Amino acid sequence: METIQSIKGFADLFSPESDNFSFLEATAREVFGRYGVSELRTPILEKTELFARGIGGETDVVQKEMYTFEDKGGRSVTLRPEATAGVVRAFIESGQHAPERVSKYFTIGPMFRYERPQKGRLRQFHQINCEVFGTDAPHCDAEVMLMLATFLKSVGLSGLSFEVNSLGCPECRPTFHQRLTDYFAGLDKGKLCADCLRRTATNPLRVLDCKVAACKDVVAEAPRIDDNLCPSCKTHFDTVLSILDAAGLAYTRNPFLVRGLDYYQRTTFEVTSTNIGAQTAVAGGGRYDGLVELLGGPKVPGVGFAIGMERLALLLAGREPARKDFYLAVLDEKALDQGLLLAQKLRERGLSGEVSFAAKSPKSQLRLANKLGVKTCLLLGGEELAAGTIVVKSLDTGEQTSMPQEQFLATLG
């Protein structure tokens, strides 16, 4: 019978890759908890309309990249391509919004996009997201960025670059849009790629972050949002930057860092790395004060970010996994039951490790214990079973001693 293989772009994660994902998730829960951010679990399947409205019907994500199908009831449903729209939907539906209330959530889980699989990007990928609703204070923007920086530091990553920008607001952005439109209209059309030619008419902001070299040259001379911020946006952005400066977070102001959807405004940021090929974004976010209202909720401001777990996992590829505490080697078949029960007592005391399910020679079991990288190998044979003892061998120093099992357990507390 022909074997069934996984779908292209969908990966199985075994250890040590899965260990890195677990490490990222555990660190996120610990760090975000310090900031009062609670975990929210949303469905991976939502009504297609949510993403058409929340992401934008004209975007490539909605038009080309979503896994959309009709269910048995004839309803159009979609595997979530990103997390924010679902979080906003849950926030509105739950009725948790209230005046003067700040709500903080994080989510962890898989997303789905039909894109060409490449390094660090799969059709099923995973994200850690944070969303904060209920305040437009610049201090919240700064706290979200500092929390992201704390998380990245806590997982041991370095060599990352923070880039920040302000996108203005509905008051000042129309003027900037018009200046951009006028600038692009006066250019030789051959200087822009096909996508950017279309964007000059539909969304000129998106031209600013095009990765095509020729377009980058054109954009270098384009008007900058810095020169078009209204006093309120300028004060907001200056406050964010002053807090980041005081906290010691290094960053670069990037006037070409944008988000393509109208509900994004003011602060936007991105974290990039050059350690997985060309400069690659591993996290990004910004303020989206119009999204809750766009999805049918009240006028509630929001800010958040998304972290690409596959890309972070690539950066953690050389991380040493946590060592297991013990391997309990059973040397006599009569000791198999006692070995399993002793291993259970060790685990109940907080230790991690494995026990052999078959009696084998000391040499082969010590070889396995070394391969597993455990700290201590415990040996239980017929003599130890009869005497109620255990042989404790440190794999770091090579020291070996025999002691009563109860005494050994007592040393563990």
Side-chain angles (χ1 to χ4, degrees), residues 11-42 82-84 87 104-111 118-122 124-132 140-164 243-244 247-252 254 257 267-286 303-325 350 352 373 375:
D12 300 307
L13 296 177
F14 290 92
S15 180
E17 288 84 1
S18 59
D19 297 335
N20 287 334
F21 275 68
S22 297
F23 171 65
L24 290 171
E25 293 169 3
T27 305
R29 290 185 172 97
E30 192 277 322
V31 171
F32 296 171
R34 291 188 233 155
Y35 290 78
V37 185
S38 60
E39 185 168 6
L40 170 64
R41 297 173 183 250
T42 60
E82 56 90 44
T84 301
V87 173
K104 303 178 181 180
Y105 307 104
F106 74 89
T107 61
I108 299 175
M111 313 294 158
Q118 54 186 287
K119 188 175 183 179
R121 178 175 289 176
L122 297 171
Q124 176 179 312
F125 57 100
H126 300 77
Q127 286 186 346
I128 299 172
N129 284 66
C130 170
E131 321 291 347
V132 180
C140 181
D141 301 29
E143 181 180 89
V144 164
M145 293 176 66
L146 292 171
M147 183 176 77
L148 174 58
T150 300
F151 166 76
L152 294 172
K153 182 178 180 181
S154 296
V155 298
L157 296 180
S158 59
L160 301 176
S161 301
F162 266 81
E163 297 181 352
V164 297
I243 295 172
L244 298 183
L249 177 62
Y251 61 86
T252 301
N254 180 358
L257 180 61
T267 309
T268 186
F269 54 91
E270 196 165 88
V271 183
T272 60
S273 170
T274 57
N275 294 330
I276 46 177
Q279 186 177 32
T280 303
V282 297
V303 62
F305 61 76
I307 303 169
M309 294 183 68
E310 275 75 9
R311 294 182 178 181
L312 283 193
L314 285 175
L315 295 173
L316 293 173
R319 186 181 72 91
E320 288 291 330
R323 293 179 68 188
K324 297 292 190 293
D325 294 304
S352 61
K375 300 173 185 176

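Please read all numbers here as calculations on a predicted model, not as lab measurements.
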Taking all heavy atoms of R311 and all of T280, pick out the closest pair and write down the distance.
-> NH1-CG2, 3.2 Å

Check for a donor-acceptor pair, side chain of E82 on one end and backbone N or O of T84 on the other, with a separation under 3.5 Å.
-> yes

Nearest heavy-atom contact between G304 and E131 is CA-OE1, 3.9 Å

For Y251, what residues pass the ring-ring contact (aromatic ring centres under 6.0 Å, His included) criterion, not counting sequence neighbours?
-> none

Please assess R29 against I108 for the test side chain to side chain contact (heavy atoms under 4.5 Å, CB included), listing each intermediate value before the final yes or no.
-> CA-CA 9 Å; R29 290 185 172 97; I108 299 175; 3.9 Å; yes

Among L314, L315, L312, L152, find the residue that satisfies the side-chain contact (heavy atoms from CB on, under 4.5 Å) test when tested with S273.
-> L315

Shortest non-hydrogen pair, V37 vs C130, comes out as CG1-SG, 4.4 Å

Are any non-hydrogen side-chain atoms of E270 and N254 less than 4.5 angstrom apart?
-> no

The ring-ring contact (aromatic ring centres under 6.0 Å, His included) partners of F106 (sequence neighbours excluded) come to F32

For F21 and A313, work out which heavy atoms get closest and say how close.
-> CE1-CB, 3.6 Å

Could you check L316, V271, V282 and say which one makes a side-chain contact (heavy atoms from CB on, under 4.5 Å) with L157?
-> L316

Rounded to the nearest 0.5 Å, how far does CE of M147 lie from NZ of K104?
-> 8.0 Å

Minimum heavy-atom distance G373-R323, with the two atoms named | O-NE, 3.0 Å

Are V144 and Y35 side-chain neighbours, meaning at least one heavy-atom pair lies under 4.5 Å?
-> no

So, does E310 use its side chain to make a donor-acceptor pair with the main chain of H126 at under 3.5 Å?
-> yes

